[in-house]
Visitor: 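Sharing a structure here in structure tokens format.
Counting starts at 1 for both ligands and their atoms, following the listed order. The figures here come from the full heavy-atom set of this structure, side chains too, leaving out hydrogens, waters and symmetry mates.
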Amino acid sequence: MDFSLNEEQKLIQQAARDFAQNELLPEVIERDDAQRFPKEEIKKLGDLGFLGMMVDPKYGGSGLDTLSYVIAMEEISKIDASTSVVMSVNNSLVCWGLEKFGSEEQKEKYLTKLSTGEQIGAFCLSEPEAGSDATSQKTTAIDMGDHYIVNGTKNWITNGGTASTYLVIAQTDKEKKHRGINALIIEKGTPGFEIGPKENKLGIRGSDTHSLIFNDVKVPKENRIGEDGFGFKFAMKTLAGGRIGIAAQALGIAAGAYEMALKYSKERKAFGTEISNHQAIAFKLADMHTEIQAARLLVYRSALDKDNGKDYDLSGAMAKLYASKVAMETTVEAVQIHGGNGFVKDYHVERLMRDAKITQIYEGTSEIQKIVISRSILK
Ligand SMILES: Cc1cc2nc3c(=O)[nH]c(=O)nc-3n(C[C@H](O)[C@H](O)[C@H](O)COP(=O)(O)OP(=O)(O)OC[C@H]3O[C@@H](n4cnc5c(N)ncnc54)[C@H](O)[C@@H]3O)c2cc1C
């Protein structure tokens with residue numbers, strides 16, 4: 001197993017690092033405070049080729065591997081997880097899902113715009129009564145011959161207000177349970193499609209989370225992804241890859257908090273010496289460094305599994321479970337190392353601590369990851 005980065009991957013890492021420092025850092029606190037979506041920054045991220053990183057260049061993508069994507073995700077997440085979640089949803093859930101399972105017409109019409117960042121996508125599975133239990137879909141897509149009529153509500157949709165293209169999971173035939181679910185492409189502005197108010201969140205406050213309401217929305221049959229009844233499988237397959245992106249986000253949040261705590265510990269003095277000279281602080285840094293390295297190995301491993309055509313359900317779930325735990329624990333300790341300064345916004349670590357929590361919740365909670373992992377090892 002060789003985890004060393006090649007020249008191209010090192011260049012991507014540097015480009016992501018520079019982008020995060022120069023474009024994201026300057027206003028990250030203000031965006032978080034005001035819950036402002038990073039519109040200009042996302043446009044620039046698209047120009048860099050970071051919104052369709054794994055998409056074939058013939059559809060406007062960068063044609064890179066999953067490892068390059070997680071490296072970039074880590075660097076962006078060190079500074080701004082609100083931006084990296086937009087990147088993650090667009091890359092892993094929307095572009096990957098469309099490229100892998102969409103028709104040629106769908107790829108020409110939607111993927112080419114989504115992979116360049118000309119448009120942003122959203123992935124719409126969760127509902128008020130169907131989160132972890134995604135089979136309990138209440139949104140319906142009734143088959144009307146050449147089109148579907150969609151009714152229902154989706155909850156917590158990332159890019160909910162800013163997206164142009166929405167991949168919506170809905171129940172067509174309740175009798176068939178998860179085999180009666182379809183995935184449909186719905187465009188913003190389609191009559192009957194309304195966007196609910198923006199959620200006021202604990203973390204990733206710059207990201208744009210909304211509920212979506214569908215009232216008799218007419219969707220042409222050619223907007224269905226895959227065969228009739230493929231929707232649930234589409235969602236699960238797509239989320240399995242999405243978890244690698246969120247694991248990389250968690251890794252980045254942890255690594256960002258660690259780097260800030262390390263720097264601060266060498267500057268701040270207490271009892272006549274830098275706090276890093278107190279063993280209690282030095283040991284915290286040792287634990288953080290060790291756990292981040294372990295998380296990185298799991299994240300890289302899952303990305304390599306995907307790139308090598310191996311099954312990545314298990315490695316992706318383990319990477320997300322572990323990296324999100326490390327993100328939470330590391331950010332709490334980073335705040336502690338900063339003392340009172342850790343509790344105020346100027347030092348960034350309080351924001352990273354708030355942002356870390358979501359990585360244990362979305363794209364499958366930690367409890368759901370343990371179900372995936374335990375099923376895999378027990379079967
Ligand atoms: C900021 C944000 C952005 C999001 N973005 C999106 C998005 O873009 N698209 C989208 O579709 N969804 C999105 N979600 C939804 C997210 O994926 C769900 O919130 C998540 O899957 C959990 O579902 P739930 O909130 O309904 O919690 P529930 O499913 O009600 O779970 C509540 C608790 O019970 C636990 N639990 C549930 N079932 C079990 C079980 N069988 N065994 C053990 N414990 C269990 C859970 O782990 C959790 O701790 C987002 C959520 C947030 C907060």
Visitor: Can you tell me which residue and heavy atom of the protein come closest to atom 24 (P) of ligand 1, and the distance to 0.1 Å?
Guide: Gly131 CA, 3.9 Å

Visitor: Output yes when the distance from some N or O of ligand 1 to some N or O of Leu125 is under 3.5 Å, and no in every other case.
Guide: yes

Visitor: Rounded to the nearest 0.5 Å, how far does OG of Ser315 lie from OH of Tyr300?
Guide: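 Tyr300 OH to Ser315 OG: 15.0 Å, rounded to 0.5 Å.
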
Visitor: What residues form a ring-ring contact (aromatic ring centres under 6.0 Å, His included) with Phe101, not counting sequence neighbours?
Guide: Trp96, Phe230, Phe234

Visitor: Between Asn159 (side chain) and Gly121 (backbone), is there a donor-acceptor pair under 3.5 Å?
Guide: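 Yes, because the side chain of Asn159 sits within donor-acceptor range (under 3.5 Å) of the backbone of Gly121.
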
Visitor: Does the protein come close to atom 33 (C) of ligand 1 - that is, does one of its heavy atoms sit below 4.0 Å from that atom?
Guide: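 It does not; no protein heavy atom is within 4.0 Å.
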
Visitor: Under 4.0 Å from any heavy atom of Glu363, which atoms of ligand 1 are there?
Guide: 17 (O)

Visitor: Taking the six-membered ring for Trp, is the centroid-to-centroid distance between Phe50 and Tyr69 below 6.0 Å?
Guide: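 Judged by ring-centre distance (under 6.0 Å), Phe50 and Tyr69 do not meet the cut-off.
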
Visitor: Roughly how far, to the nearest 0.5 Å, is the CD1 atom of Ile337 from the CE atom of Met288?
Guide: 4.5 Å

Visitor: Grab the two heavy atoms, one from Ile157 and one from Ala122, that are nearest each other, plus how far apart they are.
Guide: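 Minimum heavy-atom separation between Ile157 and Ala122: CG2-CB, 3.8 Å.
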
Visitor: Using modelled atom types only, decide if a donor and an acceptor are shared between the side chain of Glu363 and the backbone of Ile244 within a distance under 3.5 Å.
Guide: no

Visitor: Do protein heavy atoms approach atom 8 (O) of ligand 1 to less than 4.0 Å?
Guide: yes

Visitor: Locate the shortest heavy-atom distance separating Thr139 from Val150; write the atom from each residue and the value.
Guide: CG2-CG1, 3.9 Å

Visitor: Using a heavy-atom cut-off of under 4.0 Å, does the side chain or the backbone of Lys201 touch ligand 1, or both, or neither?
Guide: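 Just the side chain.
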
Visitor: For atom 15 (C) of ligand 1, which protein heavy atom lies nearest, and how many Å away is it?
Guide: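 The closest heavy atom on the protein side is Ser126 OG, 3.1 Å.
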
Visitor: Is any N or O atom of Thr365, backbone or side chain, closer than 3.5 Å to an N or O atom of ligand 1?
Guide: yes

Visitor: When you measure from atom 20 (C) of ligand 1 to every protein heavy atom, which one gives the shortest distance, and what is it?
Guide: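 Minimum-distance protein heavy atom for atom 20 (C) of ligand 1 reads Ile361 O, 3.6 Å.
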
Visitor: Write out the residue and atom name of the closest protein heavy atom to atom 38 (N) of ligand 1, then the distance separating them to 0.1 Å.
Guide: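 Ranked first by proximity to atom 38 (N) of ligand 1 is Ser132 CB, 3.9 Å.
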
Visitor: In this structure, does ligand 1 have an atom that sits under 4.0 Å from one of the heavy atoms of Ile157?
Guide: yes

Visitor: Check whether any N or O atom of Tyr362, backbone or side chain, sits under 3.5 Å from an N or O atom of ligand 1, and answer yes or no.
Guide: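 In fact, backbone or side chain, Tyr362 has no N or O that close.
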
Visitor: To the nearest 0.1 Å, how far is atom 51 (C) of ligand 1 from its closest protein heavy atom, and which atom is that?
Guide: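 Checked against all protein heavy atoms, atom 51 (C) of ligand 1 sits closest to Trp156 CB, 3.4 Å.
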
Visitor: Give a yes-or-no answer on whether the side chains of Asp208 and Thr162 include a donor-acceptor pair shorter than 3.5 Å.
Guide: yes

Visitor: Please classify the Ile358 to ligand 1 contact at 4.0 Å (heavy-atom distances, strictly less than): side chain, backbone, both or neither.
Guide: side chain

Visitor: Does a donor on one side chain sit under 3.5 Å from an acceptor on the other, for Gln9 and Asp65?
Guide: yes

Visitor: Can you tell me if Val85 contacts ligand 1 (heavy atom of the residue under 4.0 Å from the ligand)?
Guide: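 No heavy atom of Val85 comes that close to ligand 1.
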
Visitor: Looking at ligand 1, does any of its N/O atoms fall within less than 3.5 Å of an N/O of Thr158?
Guide: yes

Visitor: Is there a nitrogen or oxygen of Thr209 sitting under 3.5 Å from a nitrogen or oxygen of ligand 1?
Guide: no

Visitor: Is it the case that atom NZ in Lys198 sees more than 12 heavy atoms from other parts of the structure closer than 6.0 Å?
Guide: yes

Visitor: What protein heavy atom sits nearest atom 39 (C) of ligand 1, and how far away is it?
Guide: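 Answer, as residue, atom name and distance: Ile368 CD1, 4.2 Å.
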
Visitor: Are any of the N/O atoms in Ile371 less than 3.5 Å from those in ligand 1?
Guide: no

Visitor: Consider every N or O of Glu367 and every N or O of ligand 1, then say whether any pair is closer than 3.5 Å.
Guide: yes

Visitor: Any side-chain donor paired with an acceptor under 3.5 Å for Ser136 and Asp133?
Guide: yes

